[in-house]
Amino acid sequence: MSTPVTTVMPDRDPLWSRLRAQLRNLAPFATLIALVALFSSLSPSFATWGNLANILQQVSITAIIAVGLTFVILCAEIDLSVASVANATGILLAFLTVQDASVNIANLPLPGGLSIPLALAGCLMLGAVTAFGVTRIGIPSFIMTLAMLQIGNGIGALLVRGQIAYTVPDLVTTLGSGSIGPVPWIVVVASTVLLTGHLVLTYTRFGRYVYMVGGNREAAEHSGVGVRAIIGAAMLISAACSGLAGMLGVAYFGSAQQNQFDNYLLDAISAVVVGGTSLFGGQGGIGNTIIGLLVLGVLNNGLDHVRMDSFLKILIRGLVLLLALVINVYAQRLRSHARAAG
Amino acid sequence: MSTPVTTVMPDRDPLWSRLRAQLRNLAPFATLIALVALFSSLSPSFATWGNLANILQQVSITAIIAVGLTFVILCAEIDLSVASVANATGILLAFLTVQDASVNIANLPLPGGLSIPLALAGCLMLGAVTAFGVTRIGIPSFIMTLAMLQIGNGIGALLVRGQIAYTVPDLVTTLGSGSIGPVPWIVVVASTVLLTGHLVLTYTRFGRYVYMVGGNREAAEHSGVGVRAIIGAAMLISAACSGLAGMLGVAYFGSAQQNQFDNYLLDAISAVVVGGTSLFGGQGGIGNTIIGLLVLGVLNNGLDHVRMDSFLKILIRGLVLLLALVINVYAQRLRSHARAAG
Amino acid sequence: AEMGRSAKPLRAAFSNAGLQATWCAQGKSAAEYWGKLFNVDVTWFDGELNATRQRGAIDNMASQRWDFVAIQAFGIGTLAAPVRKMIDAGIPVIDLDTLIAPLDQLNVHSFLAPDNEFMGASVTEALMQAIRGEGTIIMTQGALGHTGAQGRARGFESVVKRYPKVEVLDTTPGDWDVTKVARIWDTHLTKYPKISAAYFHNDDMALAAYNVMRAKGRTDIKIGGCDAMPPALQAVLDGRMHATVRNPSCRIHGGAIMAGVAAVVAGEKTGEGGIPKHVITDGPVVTKDNAHGMAWMQKQFLI
Amino acid sequence: MQAEGPPLLELRGVTKRFAGVTALSDIDFTLRTGELHGLVGENGAGKSTLMKIIAGMHPEYEGEMRLAGRPVRFRSPRDARDAGIGMVHQELSIVPELSVAENVLLGAQPVNRLGLVSWGAMQRQARVQLAALGIAVDPTVPAGSLPLGLQQMVELARVVLSGVRILILDEPTSALSPPEVERLFALLDRLRTSGTGVVFISHFLDDILRVSDTVTVFRNGRRIATAAAAKTGKPWLIEHMIGAGHERLEESYTAELALPPRPAAPAVLEACGLGVAGLFDDVSFRIHAGEVLGLYGFMGSGQLELARALSGKLPLERGTVRVDGTPARLRGGTPAAKRAGIAFVPESRRAMLFAPEPVTRNVTIALLERIHRILLRPAAERRIAEAQVRELGIRPARVDLPVGALSGGNQQKVALARWLAHLPRVLLLSEPTRGMDVGAKDDVVRIVRGLQAQGIAILVTSSEPETVLSLADRILVMRRGRVAREFADEPVGKDRLLAAA
Ligand SMILES: Nc1ncnc2c1ncn2[C@@H]1O[C@H](COP(=O)(O)OP(=O)(O)OP(=O)(O)O)[C@@H](O)[C@H]1O
Ligand SMILES: Nc1ncnc2c1ncn2[C@@H]1O[C@H](COP(=O)(O)OP(=O)(O)OP(=O)(O)O)[C@@H](O)[C@H]1O
Ligand SMILES: [Mg+2]
Ligand SMILES: [Mg+2]
């Protein structure tokens, strides 16, 4: 073989080039800062500690769902069933818990906390069906999860039969609606899930495979990565996260009913992509998702603090979302220019 | 020139191989036949002429939306804003029409049918924004139209302000809810739109370009096709179809209100993909969409005819949808095997 | 207790199920109208017909200071935590139309609501009179999970039971969704050649179904609705609908302003000696006879 | 042949920069009427870039272009087409779902008086155009259902016969069988007589010398030389392409070589009765330790699919595979093949590299589990990648650069490095030198020789005789999915291979 004529060189200007490489991540961050500044100037009640706690609490459920969705989207797949699985799991949990006499559901109460593992098993089963459909049968995830969305809704409807159930096991009630000191438990749980997701994606072999599968599926396959196993695992993780969010959500809202989680689908997808994770896979991560969550959380919360025509709010939310996306795209373009020039 | 030496033998058994090649289209058709047989056996009121008219009428609005969506999906893009644009257009039309005194909206009534072109211009403007975002800024259509979904909802909310408007111009009322003899006008309109869509896709260069762009974007570009113009046009067509559906829908339902069309998003997407048009573009067409529309139309209508637990219906619809998808995928696989072996 | 205009401007927060619904939008206007008269500055938190969004909005409401608060919950039970926080902070919370949580679990200042069972029963009774206690009837329900719909269905059934010659053909829910109602009614009209009357859990669904009936030339069906919003009054007047019953949005939302002002200015207590824990705000059945007056009262935000 | 026609196309001082990289600098280029102009150069020399400028795909450039004397500037491929310029691209551009007829007339579907697409006319016209290239296929079948070589012919039929005045062919022959190439050349000859100017790019220097009137050599984005083909020769071309160091390369182009005697080593890979319906059948062979088996066949003979099947990518329907005597369960896909010790480098770079990811991750993706079962160890990864970069002489020698920013030849080396850092028992190389310039090809030969010395079994599949001849110790020739002949321990040359195929 040829003699080594070249030596390995370090980066020329590490700080500046690192910054530029982070542009994709910086753009949503800038959006976040801008929104915070805007709402702080518009309303004195916005920039308070109490409201910060509010925001964190409000994004917690979305956050848990978004972690699973981040795995799926990094694999260049999509999961449209997250909200529906969350709903079905929450309802299943309540269905398996003793309800107040006033609640009129033919449910199957189980002793103790047994309903928790069973509900989790339920959502994992839904995830397994999705994984099977996508990886084995080969149905594109977009339509497979579209069908699962309806199946999840169907299961929820069948169990709760238009009624509302209120009681879930104590453990879940505590985690969903209790606090330790000033910090709501649900924020703690969401942070833990986010952190775990980040660690898995960044520091484990599985996490690397997720990025590689999303980056170039064929190349991953040719490198001996079990692509179908990775995608299946991402689908299962997504179902598990949704299930957890559904259980805590029932405790948080204090009730389990049909269609309760519907808008978490768009919220979670928006959070992931506004944060800058690419829908084409392979780029982004939990850090991005956190920024995306905060952008949307601040936007939703901030608009409530500003006196404004209620009917205008919906439009403004849409416009800000669009603006965030445009900024993202331009930032990404700048970044790839920077990289090509570097 | 030398005699042709590279020859691909013509198919041995043209009929059978043609049939096999059509499997992708046959599978949804078989699903349709099975559903019709099932519901006919379950309910005597299902297989009647009157009910056929019902089904056709019920799928008409979805059909008009689905035509535009077929163009978009054939280009390998997606439009999640169809229902929202339909809603906004319907509301805009009512907003520009003189309302009954009992309706309490600060609207801007225009004389005569002037509101119709204006409402159409409105939906085309929304389509133009989408087209600009997707083709010029480069935002993936999935998230661009997600943002437009919210913007459309915002515009609708701002115009109708929680009220319900009832009146639209006479022309629209006739087309949306009138009949010629036994045939509802809306079925005539939907058929015309479907037929036009089919003719455009099959017999115009533009239509063929749509397939080329979806089948191999690079090849289309190399052949001098203005890919961005084609995608932009598909987005505009989708917006126009949605707008038309929204206007007729308001007449059909007799009212314009917020969130009225929400179901049509999933219905239209399901119709297109259940019919066998590929989400990856380039394969399928209006013929497929028609089958998909009928499958879903029969399913929704048939379940209404069967005496069955209302809560179970939701689950059953989801399961049948999933089944249709699985059959589609297997049929396609069989077909490509047939092709590889042929 | 003594009532009247507040001397200093009061800050009140309101939220109802979702301003997409005409009933809620009318309630907002009524609250703002009465608020102006009583020197109350009303801030609105839209529920957007969505349990999650409303919860977020009420969380935000609860992190601010108010003199009093009035809430109609979109999803029962979903707002209990932030509402409890406001009650604990001493803010009078007036519960509108739908229970925020079972009354024994949450100490709201008062619960102003119509009796859904009564509304369902009274309109059904009017329909029974119209068809002389004989024939067939269909009920198109709201969302099955909705307590209002459940009450209206109970009222309907209690009346129908008393008419043995009336057959109930179908009770498929329309989920408040006019597109679904149109589809269901296509099927009903095909399936049942003879339908004498139809009861809808709200007027919007009734008017959507009327559209289908007219298209199929079946305008002989006696239609009953609920809410008696202006377009339905118009429909009653020109004979498209036979009857509806007033679900008095203005009375409920305006009443909340008065209850709030009384609580804050005059220190009116809740329960015995003050405002009752549960105030039933029923409205009347509306037929051609009283529709004009009902329309006038609504314009003045009286009912 | 002489080309003294008037200038058809003239480029003056064309420079093209891509965000910091100068792909072309100050190029002058002239194409005359009725001239067939051969264009050669190393990978990344800028040949395709110049042609894309001519075909309107890069509207931003410096310099000027004149068409028949008049200055032009194309904003889009459509402009160029309207001006009578057609290009067959290096990458196949077929729309697989559409019919053969539509692919032949892609973007120029015939319309009737009403402006509607006329399907009948389209099929007739497609038949005529295909027949001119000597192929008869049913124009109504989807183009994607044809073998790769025919797909390429369909694309050629589209551009070559669309009546263009200037025809650009960017490596059109890499997927064609020799008879197909012959027919293409005959057609080009006819076009030339009718006054069409043709630019022909290829790494097959013999072909270039055979058909061209004029040849131009590019190096590092500059035009190095232009001369009448008759006055040059292969050594001249190589010298101008490579600059210094060309002498060694010229030697490796011997016409006939003797395959070495079979080594007395144990069999590593034993394949027995392999088959997949419609692709190949009844294929059996063994590869010994330290042996390179060449698998040669025309496009569509099944050799590429065979390699994919051995890699676990394509499910085998019949037959058994043993590695070191142990049966390999390939049902589990590529991970199972990898566990069995089989590694695969596919023919397309796009199918093996993660373009935006740094070199390190591209090198270590296949051996992460050897570093740690669960966790990642970035420092260890970096060390491994740096060692490989040094070993293979990958330039620039930076492991943190996105692999997409490397030139083609270097990308190919990174793909090889992935398996060198973690030696498999069996290495499957599919078209390892397709589209590579002579220098890069030579690097691959040396890398393969190094691996051979370490005792692994190597299978090289290719439809280019040169590739197989330069690498293999023993050669199997495949024809229509079956093994047609074996060459072992005997002299073999290009003509004998072709005769067997
Ligand atoms: N779109 C692009 N963006 C950035 N760089 C590019 C782009 N296209 C080409 N280049 C660079 O321009 C140079 C010339 O590339 P070009 O494709 O013209 O080479 P070539 O001579 O055709 O090589 P080959 O023989 O491998 O096809 C290379 O360094 C390549 O990386
Ligand atoms: N798109 C690009 N972005 C950034 N740098 C590039 C790009 N394309 C090429 N380069 C760099 O430009 C330099 C020249 O590339 P070129 O393709 O000419 O290399 P080369 O010496 O011909 O290599 P090989 O013989 O392996 O093809 C290389 O250092 C390469 O990394
Ligand atoms: Mg080179
Ligand atoms: Mg090239």
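In what follows, chains carry the letters A, B, and so on, assigned in the order in which the sequence lines appear, proteins first and then strands, with residues in each chain numbered from 1. This is a predicted model, so every value here is computed, not measured.
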Straight-line distance of [X] [atom1] to [Y] [atom2], nearest 0.5 Å:
X: D/E97; Y: B/M212; atom1: CD; atom2: CE; answer: 12.0 Å
X: D/M57; Y: B/H222; atom1: CE; atom2: NE2; answer: 3.5 Å
X: D/S76; Y: B/R228; atom1: OG; atom2: CZ; answer: 11.0 Å

Between D/E102 and chain B, which part of the residue has a heavy atom less than 4.5 Å away: side chain, backbone, both or neither?
side chain
Which atoms of D/L98 approach chain B - backbone, side chain, both or neither, heavy atom under 4.5 Å
side chain
Comparing B/G224, B/A220, B/G214 against chain D, the one with the most heavy-atom pairs below 4.5 Å turns out to be B/G224
Any side-chain to backbone donor/acceptor pair from [X] onto [Y]? Under 3.5 Å, distance only.
X: B/R205; Y: D/Q109; value: yes
X: D/W119; Y: B/Y203; value: no
X: B/N216; Y: D/I94; value: yes

If you compare all heavy atoms of B/G215 against all heavy atoms of D/P96, which two are closest, and at what distance to 0.1 Å?
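Heavy atoms only, the tightest pair is O-CD, 4.1 Å.
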Give me the atom names and distance for the closest heavy-atom approach of B/S223 to D/R158.
OG-NH1, 3.9 Å
Where do D/L116 and B/T204 land on the side chain to side chain contact (heavy atoms under 4.5 Å, CB included) test, with the steps shown first?
CA-CA 5 Å; D/L116 298 181; B/T204 68; 4.2 Å; yes
Can you tell which part of B/Y209 gets under 4.5 Å to a heavy atom of chain D, answering side chain, backbone, both or neither?
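Side chain only.
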D/R73 atom CZ, neighbour heavy-atom count above 12 within 6.0 Å:
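More than 12 within 6.0 Å, yes.
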Just so I understand: if I count every heavy-atom pair under 4.5 Å between each of D/A108, D/G115, D/A80, D/A55 and chain B, which residue has the most?
D/A108
